[in-house]
2 protein chains.
Amino acid sequence: MGVLVGSWLMKVVFISSYILIQSSKAKAAAKTRHLKWEVEYMHWFPDGREGVVIGINGQFPGPTIRARAGDTIHLNLTNKLHTEGVVIHWHGIRQIGTPWADGTASISQCAINPGETFVYRFKVDRAGTYFYHGHYGMQRSSGLYGSLIVDVAEGEKERLKYDGEFNILVSDWWHKGSREQEVDLSSKPMRWIGEPQTLLINGRGQFNCSLAAHFSNSSAAPCKLRGNEQYAPYILKVHPNKTYRLRIASSTALAALNLAIGHHKMVVVEADGNYVAPFSVENMDIYSGESYSVLFTTDQDPSSNYWISVSVRGREPHTPQALTLLNYHPTSPSRLPTSPPPVPPRWDDYGYSKAFSKNILTAPGSPPPPSKHDRRIVLLNTQNYIDGYTKWSINNVSLVLPTTPYLGSIKYGLANAFDAKSPPDRFPHDYDVMRPAANQNSTYGNGVYMLEFNSTVDVILQNANALKENVSEIHPWHLHGHDFWVIGYGEGKFSSEKDESRLNLKNPPYRNTAVIFPYGWTALRFVADNPGVWAFHCHIEPHLHLGMGVVFAEGAHLIDTIPNEALGCGLTGKMLMKNNNNNNGHN
Amino acid sequence: MGVLVGSWLMKVVFISSYILIQSSKAKAAAKTRHLKWEVEYMHWFPDGREGVVIGINGQFPGPTIRARAGDTIHLNLTNKLHTEGVVIHWHGIRQIGTPWADGTASISQCAINPGETFVYRFKVDRAGTYFYHGHYGMQRSSGLYGSLIVDVAEGEKERLKYDGEFNILVSDWWHKGSREQEVDLSSKPMRWIGEPQTLLINGRGQFNCSLAAHFSNSSAAPCKLRGNEQYAPYILKVHPNKTYRLRIASSTALAALNLAIGHHKMVVVEADGNYVAPFSVENMDIYSGESYSVLFTTDQDPSSNYWISVSVRGREPHTPQALTLLNYHPTSPSRLPTSPPPVPPRWDDYGYSKAFSKNILTAPGSPPPPSKHDRRIVLLNTQNYIDGYTKWSINNVSLVLPTTPYLGSIKYGLANAFDAKSPPDRFPHDYDVMRPAANQNSTYGNGVYMLEFNSTVDVILQNANALKENVSEIHPWHLHGHDFWVIGYGEGKFSSEKDESRLNLKNPPYRNTAVIFPYGWTALRFVADNPGVWAFHCHIEPHLHLGMGVVFAEGAHLIDTIPNEALGCGLTGKMLMKNNNNNNGHN
């Protein structure tokens, strides 16, 4: 992996000074963007085999939202599923002042009932590459996702220099429907969903054929595509000697991925909506919940096309590499590259992955994190059993979301809506993270970490051995409502004595998603300055389904009006209806 | 078909006088039966192949409710589905005074949200054979059903003479899940769900094998069963020379069925919870939504066992006959009958079916229907297109259920909850029911037939040609909240002049479900004496899904308190929450 960090690269990548203050003129130009979406199941061919996806307005993936920083999104979401509720989470949007619009069922709102329309109204306050996805049951696995791209405000100049851009949303796809997957995961003994059948690039993958069959030593047949198939690859058409911005986000249910553009270096410039110190790579890792921008220059022979590949990382891959083409003008897009697709790093080369993650540092000029933390929460990630059911737990609590959304029950101080006792801030001192637990049993819970408003919180995500000996997995953790600074990675068990001084408080990256590596820890710092209730969880959907998450709450007294529509279920629904006795109520 | 109607049979079947008044002593003994149910998806082998069913308390079919007339059922239903709402309809229970407990989503209540508990509290006022099932989307097809048997009140004597009884709930099963089926049906062009893979007797069927393989000319392998499989047949164990009551209800999604007990005659004695004039048959038809009791006597050679068969009627069968055994004591249940399974009547022998249906007449002594009707509603059943989607329509309106339950919106007079205009009471005079319509297009609607309280209503269900030439199907229509008298069947188009005088007002059967035969009509009469809002629809679930139903409302001003929990969605939810501005609401 070629890594180049230097001021010359900064100059190539960025236009001028690193700190740009949005002008008030730009803010005045902010728009409200009105969108009207209908969510419904539909037939689709994500990978050449027909399945059922959740589509939006007849599209899969859902429509790309494109807005400018400072705009307000005003989105009427109508649920056209027959019997299921639905919500949509706007991944990376911090929902400052609108915590009820975060789109997390049981946390920020009640699921929208079939036939009903809910209005998501929120500000996209910052340029960057984001996406959205279902956050109820395993609806993300059913294909409920799409891109959300925020450009700099009207009148502002984008700091990055490029001539054109592309946007890629990667995902993984199973032939078994998500209802069956949920039942499998919830069974005793648990039935694991297994590896995805296909990786999708902008919702398009090839299951029964390969674009690179002429190179492959596999038995896959060459794809016969006219180009108008729902699973025909999304081809990136470029002109020679230009610089392009490639935006990449991952909404995979499970897969950690590695992306490469054959024969082209990429310069990483953005992560999760924040500029990073640019560095050059041959290929890049991307975990579920992350987004990036890279710049690449079309400096190769224009009479050829080049592979763009997406491959599985971190789990023994049983899923073919996803492929599409970088198509140089005026070469025909039907001309396949003359060299084989990029070879990804070995799936279990964790050193390679760690090096990539550690290379991500904030762009110079970004404000550093607070130098001290007010509270440190250490979260032990373990795989457990509860009554013979396989679960994931954090500090021995496996999260089972309550029926009443926390946002309402906390704002109104409703007792019995969730566990009154907060989960623990740490795990037993003598827990051996390198071995299967002596006692593999865990408990269900739905208590909340109550954070002091405006306090600085450190979270140490502590990985451990899973149920089986010599197994420890990668987990990408995603925080709602905030970005955090990733102030450190380490091996084994975190120790304040030993590791404190090695934390990076100078130029840590500012992100909303960070991974823990096998048998390691990752240290995060954030300021609890966004009144609301916020999920913090492993972004692997089946892991969250099995309890791998926690809930943070802060500034409850500052939470503004929550639309009744967000609270019409559970105890908040009962509360809001209680003064209306429908006994006498003719009108 | 042997049909015997005679007073001698009455004497054999019934114990004493036909009119029994419930004693006040018996009423005093009525109980409240507390039940606690959890509904969830689970793996199951309904027919030897594993699938996913909706189970109740881990059982499929759901637990049998057994109560006595006059008892109150108090049932806590907790929805453990991950993302879907749920309701349960108590089929045949009229819900007098408790219309909110009828368990029809969008009509009597909002679907129960995941994680929530709803209390169904209602009186089972009358002995009989009933069942229950999901009434939301196509959850009935997913297996959400079970039996509901009401015995005569404590201290009352059952009129029928028998030594023992059995209960059979028949259903049909597809290997494709109901989510996919819903998507198929809602597609353009529509994809029909096709015939079921398997018929189930008490949730048990055999797909890959046959109990009668040694007779069959099919290639089905003999079943190798230990008896403890989830799909092992439910065997009826009898002693020789006894009389048994066999209760039968059909919750099929599609299939019309014919049931026979090899070498045994059956005497039909009950239909839909009402005693009928007994008549003897070799086999009997049963349509979805119907229930019956038959008596049979074990007068055959006890050294043999006998087939009980369930076969498809009315549609060209592609589904194997379901089989189980009548097992005579002390013969081993593993001894298969020596003669082949009963041969059902030809699937398209409609004359046979009509003869059976017309033989059903009320038990002597039952009160006759009112001699006159106050209103007559003629409902034309047609298959149509709307914007290229295939639908079923009634008087050219295809029912699309509203988001707000009618019961609430009608009680509270909420405008905009549904079409203000009632659908038409009749169809164009010159419509030719024998041919495909000149204009096959229809419209969506959700208006309500507002019935005058206590008025007598006639409904003429008028069948017609479907979209394709020379096709007209059987539809079993089920009325909620009432029984009706089936006062006539006829061929072609109903004509008041010609057919009025031929209606049976003397001894028509009193039922909640009645079929229309191809190209024919069926006349029903009922008294609109049950304050509430009531579905009346084809009981074929995909037909209802495609719009084949209407809604009746009566006595809105007499509707008693509706639990808020039933109304926390749509406009009633908004209304009940409107006085509670959650802006200021700390407590």
Side-chain angles (χ1 to χ4, degrees), chain A residues 40-43 51-52 81-86 105-106 110-111 113-117 136-139 177 179-180 182-184 186-187 191 401-404 408 411-414 545 557 560-565 567-570 572-583 585-587, chain B residues 40-43 51-52 81-86 105-106 110-111 113-117 136-139 177 179-180 182-184 186-187 191 401-404 408 411-414 545 557 560-565 567-570 572-583 585-587:
Chain A
E40 64 185 321
Y41 282 105
M42 56 185 197
H43 294 292
V52 167
L81 308 179
H82 292 296
T83 54
E84 287 179 60
V86 79
S106 288
C110 301
N113 287 321
E116 305 221 40
T117 299
Y136 189 35
M138 299 215 346
Q139 293 181 343
R179 179 189 284 170
E180 286 71 23
E182 283 176 350
V183 177
D184 285 354
S186 306
S187 291
R191 306 188 191 177
L401 289 171
T403 304
T404 309
K411 173 165 176 166
Y412 294 108
L414 300 185
H545 187 77
H557 58 294
D560 207 350
T561 309
I562 305 168
N564 281 345
E565 289 72 18
L567 301 178
C569 65
T572 44
K574 276 197 174 56
M575 176 198 80
L576 290 171
M577 292 192 288
K578 81 176 166 213
N579 299 327
N580 291 296
N581 186 334
N582 79 55
N583 207 356
H586 281 276
N587 61 355
Chain B
E40 64 185 322
Y41 282 105
M42 56 184 198
H43 293 292
V52 167
L81 309 179
H82 292 294
T83 53
E84 286 178 60
V86 77
S106 288
C110 301
N113 287 321
E116 305 219 41
T117 298
Y136 190 35
M138 299 214 347
Q139 293 182 342
R179 179 189 283 171
E180 285 73 22
E182 283 176 350
V183 177
D184 284 354
S186 305
S187 291
R191 304 188 192 177
L401 290 170
T403 305
T404 310
K411 174 165 175 170
Y412 294 109
L414 300 185
H545 186 77
H557 58 293
D560 207 350
T561 309
I562 305 167
N564 281 346
E565 289 72 19
L567 301 179
C569 65
T572 44
K574 276 197 174 54
M575 176 198 80
L576 291 171
M577 292 193 288
K578 80 177 166 210
N579 300 328
N580 291 296
N581 185 334
N582 78 54
N583 207 357
H586 280 277
N587 62 354

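Letters A, B, ... are given to chains in the order of the sequence lines, protein chains preceding strands, and every chain is numbered from 1.
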Chemist: Is there a donor-acceptor pair closer than 3.5 Å between any side-chain N or O of Thr403(B) and the backbone N or O of Gly115(A)?
Modeler: yes
Chemist: If you compare all heavy atoms of Tyr136(A) against all heavy atoms of Gly85(A), which two are closest, and at what distance to 0.1 Å?
Modeler: CD2-O, 3.5 Å
Chemist: Run the salt bridge (charged side-chain N to carboxylate O under 4.0 Å, His left out) test against Glu565(A) and tell me which residues pass, sequence neighbours left out.
Modeler: Lys574(B)
Chemist: For chain B, which candidate among Asp184(A), Thr572(A), Leu401(A) shows the most heavy-atom pairs at distances under 4.5 Å?
Modeler: Asp184(A)
Chemist: Heavy-atom distance under 4.5 Å to chain A: side chain of Val183(B), backbone, both or neither?
Modeler: both
Chemist: Looking at chain B, which one of Glu116(A), Glu180(A), Gln139(A) has the largest number of heavy-atom pairs inside 4.5 Å, strictly under?
Modeler: Glu116(A)
Chemist: Specify which of Pro114(A), Ala111(A), Gly137(A) makes the most heavy-atom pairs with chain B at under 4.5 Å.
Modeler: Pro114(A)
Chemist: By a 4.5 Å heavy-atom criterion (distance strictly below it), what part of Ser187(B) contacts chain A: side chain, backbone, both, or neither?
Modeler: side chain
Chemist: How would you list, by chain and number, every residue that makes a side chain to side chain contact (heavy atoms under 4.5 Å, CB included) with Ser186(A), sequence neighbours excluded?
Modeler: His545(A), His82(B)
Chemist: Please look at Pro402(A) and chain B and tell me whether the side chain, the backbone, both or neither of the residue comes under 4.5 angstrom of a heavy atom of that chain.
Modeler: neither
Chemist: Checking Thr83(A) side chain against Glu84(B) main chain: does a donor-acceptor pair fall under 3.5 Å?
Modeler: no
Chemist: With the side chain counted from C-beta on, respond yes when Met42(B) and Val52(B) share a heavy-atom pair under 4.5 Å apart, and no when they do not.
Modeler: no
Chemist: Under 4.5 Å heavy-atom distance to chain B, tell me which part of Glu40(A) shows up: side chain, backbone, both or neither.
Modeler: neither
